[in-house]
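What follows is a short report on a single structure.
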Amino acid sequence: MRNLSTNEILVITGPTASGKSRLALDLAASIPLEIISADSMQVYRGMDIGTDKPSTEEQSRVAHHLIDIKYPDQEWSVEEFMRLAQRAIKDIQARGRVPCVVGGTGFYIRALLRDYALVDAPPDWEFRRKMQSFARQDGNEALHNLLLDRDPVSWRHLHPQDQKRVIRALEYYEATGKPISSRVGETRAPRYRAAVLGLRWERQELYKKIDTRAEEQFRRGLAEEVAGLLKRGYSEELPSMQGLCYKETCNYLAGLSTLDEAKSLVMRNTRRLAKRQFTWFAKEDGINWIQAGKDRPWDHVVRDAEEMAGR
RNA sequence: GCCGCGGUAGCUCAGUCGGUAGAGCAGCGGACUGAAAAUCCGCGUGUCGCCAGUUCAACUCUGGCCUGCGGCA
């Protein structure tokens with residue numbers, strides 16, 4: 001860890017509730033690092049408990065980037081993540097410190113490490129709305145079939161029910177005249193030399209941690225946090241408010257479920273998220289997995305991480 | 001002790017005039033290139049409490065046993 005070369009970055013990933021933030025903070029004791037959050041939800045201000053954001057104390061102990069940079073009704077996307085993360089990496093390196101990307105949003109991390117192309121095809125909400133109403137009228141099949149002559153590859157790969165992706169593919173074609181599928185195959189030289197660490201838990205143990213954390217989140221005032229956001233006028237339809245913990249709590253606050261129901265839904269949906277993350281990471285190569293567990297002292301985990309980081 | 005009801009998937013339960021079983025939830029697997037904590041697709045995982053009997057065939061009918069719950073003593 002003492003000899004991270006100048007263009008090397010550190011990445012800490014793993015499923016939700018695996019202790020990524022904690023590991024990063026502990027690593028900061030021996031590595032002069034700054035943390036860049038690769039988390040699609042921690043960017044939103046005022047969404048603290050539900051996103052299990054590092055505390056203000058932790059954030060002042062070690063510099064954090066890409067946290068609290070948006071209001072819950074502002075747009076946010078992988079592309080902006082890439083831009084801001086790249087800039088943060090440059091800045092941190094200019095300070096002679098080590099950028100440490102921490103987060104469980106695999107899509108963001110993959111985009112950053114594989115240097116996805118930043119093409120001029122931003123979301124076109126009017127177009128999306130048009131397509132949505134087309135789908136409502138003529139059905140998802142018909143919408144999907146619009147891809148047939150524009151982007152046959154996507155037509156083949158996307159399931160007709162996957163409306164979001166179908167519309168995005170159409171939107172991309174509309175904006176660029178090229179199929180989005182051509183972009184997928186593009187390979188580019190990675191911009192960074194990254195030491196990628198992944199935290200791994202035995203599944204049942206992780207599930208138990210998830211349940212415990214959910215209990216804690218409600219105890220710490222998740223419901224009050226969500227109520228406050230709603231009162232400030234943030235609609236529950238917003239992507240931010242559709243995040244884990246938030247959508248379930250909105251339903252509870254609207255009287256659609258009891259507190260206990262909301263709680264167990266949060267637990268279930270978090271487990272499901274973890275499962276999707278397993279699937280995602282399983283395909284990602286180059287991750288150095290570190291085994292964590294209730295029988296494994298945490299400082300062993302930290303020591304493993306230090307060794308792998310310094311390689 | 002007696003009477004009644006029950007014992008089928010991890011949980012709650014449905015079911016078969018006898019042809020070895022299916023829902024919901026949970027769970028598991030997968031996809032993913034500008035919403036990704038989102039979105040989408042797929043999969044029953046089972047000594048039908050145990051033992052015997054009747055039958056070509058028993059989860060189903062009969063008997064016994066075990067066990068849970070309720071009631072009466």
Side-chain angles (χ1 to χ4, degrees), chain A residues 15-17 20 37-44 47 49-53 70 72-84 103-125 127-129 132 135 140 143-144 151 153-154 156-172 174-176 178-188 203-204 207 210-211 213-214 217 237-249 261 264-284:
Chain A
T16 184
K20 303 179 287 292
S37 160
D39 185 297
S40 62
M41 289 290 146
Q42 291 187 354
V43 295
Y44 297 114
M47 303 179 66
I49 299 172
T51 64
D52 205 23
K53 208 176 271 176
K70 294 282 176 184
D73 58 354
Q74 286 181 297
E75 277 184 33
W76 173 246
S77 69
V78 221
E79 298 289 338
E80 191 170 359
F81 165 78
M82 283 181 64
R83 261 199 305 278
L84 298 186
T105 306
F107 185 37
Y108 288 9
I109 292 172
R110 186 183 289 173
L112 181 70
L113 295 183
R114 297 204 198 154
D115 201 20
Y116 280 6
L118 293 161
V119 175
D120 193 26
D124 177 345
W125 288 95
F127 179 82
R128 290 185 183 187
R129 267 190 294 276
Q132 278 161 4
N140 281 337
L143 179 78
H144 179 245
D151 183 351
V153 178
S154 294
R156 208 147 22 84
H157 285 310
L158 295 178
H159 192 281
Q161 295 303 332
D162 200 352
Q163 203 196 75
K164 274 191 187 182
R165 287 200 174 76
V166 171
I167 291 180
R168 172 60 187 158
L170 291 166
E171 174 185 87
Y172 187 91
E174 200 72 6
T176 65
K178 286 187 292 192
I180 197 169
S181 47
S182 69
R183 183 177 169 177
V184 176
E186 263 174 30
T187 46
R188 296 153 63 101
R203 192 173 292 203
Q204 287 317 310
Y207 284 2
I210 285 171
D211 289 354
R213 184 177 69 178
Q217 286 171 315
E237 325 248 288
L238 291 167
S240 56
M241 295 292 269
Q242 285 299 304
L244 251 180
C245 291
Y246 295 93
K247 57 174 176 289
E248 296 86 354
T249 308
E261 282 165 350
S264 39
L265 276 176
V266 164
M267 293 175 182
R268 183 196 72 180
N269 291 339
T270 309
R271 285 193 291 269
R272 288 181 172 178
L273 166 65
K275 232 186 68 56
R276 270 177 273 134
Q277 288 174 312
F278 292 142
T279 302
W280 183 279
F281 294 133
K283 260 190 70 177
E284 201 72 69

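All chains are named by letter (A, B, ...) in the order of the sequence lines, taking the proteins before the strands, and each is independently numbered beginning at 1. In this text the structure is predicted, and so the values were computed from the model without any measurement.
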Worksheet item: A:R188 CZ to B:rU33 P: how many Å, rounded?
Response: 16 Å
Discussion item. Pick the closest RNA chain B nucleotide for A:M267 and for A:R110 by heavy atoms, then say which residue is nearer the 5' end.
Written reply: A:M267
Worksheet item: Where does the angle between the aromatic ring planes of A:W76 and A:F81 fall among parallel (under 30°), tilted (30 to 60°) and perpendicular (over 60°)?
Response: perpendicular
Discussion item. Can you tell me if A:R276 touches the phosphate of B:rA38, counting only side-chain N or O atoms and a distance under 4.0 Å to OP1 or OP2?
Written reply: yes
Fill in: Rounded distance in Å - CE (A:M47) to P (B:rA38)
11 Å
Discussion item. Suppose you measure atom P in B:rC69 against the same atom in B:rG63; what distance do you get, rounded to whole Å?
Written reply: 25 Å
Worksheet item: Should A:T279 be listed as having a side-chain N or O under 4.0 Å from OP1 or OP2 of B:rG30?
Response: yes
Worksheet item: Between A:D211 (CG) and B:rG27 (C1'), how many Å, whole number?
Response: 14 Å
Worksheet entry | With A:T16, the side chain to side chain donor-acceptor pair (under 3.5 Å) member among A:R213, A:R276, A:R271 | A:R213
Discussion item. What is the distance, to the nearest angstrom, from the CD atom on A:E261 to the C1' atom on B:rC25?
Written reply: 12 Å
Practice prompt. Just call it for A:S240: base, sugar-phosphate, or nothing, with non-hydrogen atoms closer than 4.0 Å on any strand.
Written response: nothing
Worksheet item: Across all strands, who's sitting opposite B:rC65 as a Watson-Crick or G-U wobble pair, both distances under 3.5 Å?
Response: B:rG49
Worksheet item: Of all the choices, B:rU33, B:rA31, B:rA37, which nucleotide is nearest to the side chain of A:R183 once you look at every atom?
Response: B:rU33
Discussion item. Considering every strand and a 4.0 Å limit on heavy-atom distances, what is the contact class for A:D39: base, sugar-phosphate, or nothing?
Written reply: base
Worksheet item: With both distances under 3.5 angstrom, what nucleotide forms a Watson-Crick or G-U wobble pair with B:rA14?
Response: none
Worksheet item: Tell me: OH of A:Y172 to C1' of B:rA35, nearest whole Å?
Response: 18 Å
Worksheet item: Taking atom C1' of B:rG42 as reference, at what distance in whole Å does atom CG of A:D162 sit?
Response: 14 Å
Fill in: Expected output: side-chain A:Y172 to main-chain A:A121 donor-acceptor under 3.5 Å
no
Item to complete: From the options B:rA31, B:rC41, B:rA35, select the nucleotide whose nearest atom is closest to the side chain of A:R128.
Response: B:rA35
Discussion item. Pairing check on B:rU39: which nucleotide meets the Watson-Crick or G-U wobble criteria with it, both distances under 3.5 Å?
Written reply: B:rA31
Item to complete: Go ahead and name the base partner of B:rC2; Watson-Crick or wobble counts if both distances stay under 3.5 Å, otherwise write none.
Response: B:rG71
Practice prompt. Could you measure between the two P atoms, the one in B:rG49 and the one in B:rU12, and give it in whole Å?
Written response: 14 Å
Discussion item. Under the criterion side-chain contact (heavy atoms from CB on, under 4.5 Å), I'd like the reasoning laid out for A:I180 against A:R168: C-alpha separation, chi angles, the key distance, then a yes or no.
Written reply: CA-CA 8 Å; A:I180 197 169; A:R168 172 60 187 158; 4.0 Å; yes
Discussion item. I'd like to know if A:K275 reaches the base of B:rG29 with its side chain, counting only an N/O donor and acceptor under 3.5 Å.
Written reply: yes
Item to complete: Check whether any side-chain nitrogen or oxygen of A:T105 sits under 4.0 Å from OP1 or OP2 of B:rA37, and answer yes or no.
Response: yes
Item to complete: Ignoring hydrogens and angles, tell me if any N or O in the side chain of A:Q42 forms a donor-acceptor pair with the backbone of A:T51 under 3.5 Å.
Response: yes
Discussion item. In whole Å, measure the gap between the P atoms of B:rA57 and B:rG18 for me.
Written reply: 15 Å
Discussion item. Quick one: does any side-chain atom of A:Q277 pair with a main-chain N or O of A:G104 as donor and acceptor, under 3.5 Å?
Written reply: yes
Worksheet item: B:rA38, B:rG30, B:rA35: which one has an atom nearest the side-chain heavy atoms of A:L244?
Response: B:rA38
Worksheet item: How is A:A111 classified with respect to the nucleic acid when contacts are heavy atoms under 4.0 Å: base, sugar-phosphate, or nothing?
Response: nothing
Item to complete: Write down the partner of B:rG19 under the Watson-Crick or G-U wobble criteria, each distance required to be under 3.5 Å.
Response: B:rC56
Practice prompt. Assign A:D120 to base, sugar-phosphate, or nothing according to its heavy-atom contacts below 4.0 angstrom with the strands shown.
Written response: base
Worksheet item: If you check every side-chain atom of A:S40, which of B:rC40, B:rG27, B:rA36 has the closest atom?
Response: B:rA36
Fill in: Side-chain donor/acceptor of A:R165 to base of B:rA38, under 3.5 Å
yes
Worksheet item: If you measure only the distance, is there a donor-acceptor pair under 3.5 Å linking the side chains of A:S181 and A:R156?
Response: no
Worksheet item: How long is the line joining OH of A:Y108 and P of B:rC32, in whole Å?
Response: 18 Å
Worksheet item: The side chain of A:R203 lies closest to which of these nucleotides: B:rA35, B:rC40, B:rG29?
Response: B:rG29
Worksheet item: How far, in whole Å, is B:rU20 from B:rC72 if one measures between their P atoms?
Response: 44 Å
Practice prompt. Sticking with atom C1', work out how far B:rA14 lies from B:rC59, rounded to a whole angstrom.
Written response: 13 Å
Worksheet item: What closest approach, in Å, do A:M41 and A:P239 show between heavy atoms, and which atom pair accounts for it?
Response: CE-O, 3.9 Å
Practice prompt. Write down the distance separating the P atoms in B:rG53 and B:rA58, rounded off to the nearest Å.
Written response: 11 Å
Item to complete: Please determine if a side-chain N or O atom of A:K247 lies less than 4.0 Å away from the OP1 or OP2 oxygen of B:rA38.
Response: yes
Worksheet item: In whole Å, what separates the P atom of B:rC61 from that of B:rG24?
Response: 26 Å
Item to complete: Please state how far atom CZ in A:R271 lies from atom C1' in B:rC28, giving the value in whole angstrom units.
Response: 13 Å
Worksheet item: Distance between the P atoms of B:rA9 and B:rG15, in whole angstroms?
Response: 15 Å
Item to complete: Please work out if A:G106 contacts a base, only the sugar-phosphate, or nothing of the nucleic acid, heavy-atom cut-off 4.0 Å.
Response: nothing
Worksheet item: So which nucleotide from B:rA37, B:rA38, B:rU33 ends up closest to the side chain of A:I180?
Response: B:rU33
Discussion item. Base, sugar-phosphate or nothing for A:W280? Non-hydrogen atoms, less than 4.0 Å.
Written reply: base
Discussion item. Would you say A:K283 places a side-chain N or O within less than 4.0 Å of OP1 or OP2 belonging to B:rC32?
Written reply: yes
Worksheet, complete the sentence: When every non-hydrogen atom of A:P72 is compared with those of A:S240, the smallest separation belongs to O-OG, 2.6 Å
Item to complete: With heavy atoms under 4.0 Å as the rule, sort A:R114 into base, sugar-phosphate or nothing.
Response: nothing
Worksheet item: Should A:Y207 be listed as having a side-chain N or O under 4.0 Å from OP1 or OP2 of B:rC28?
Response: yes
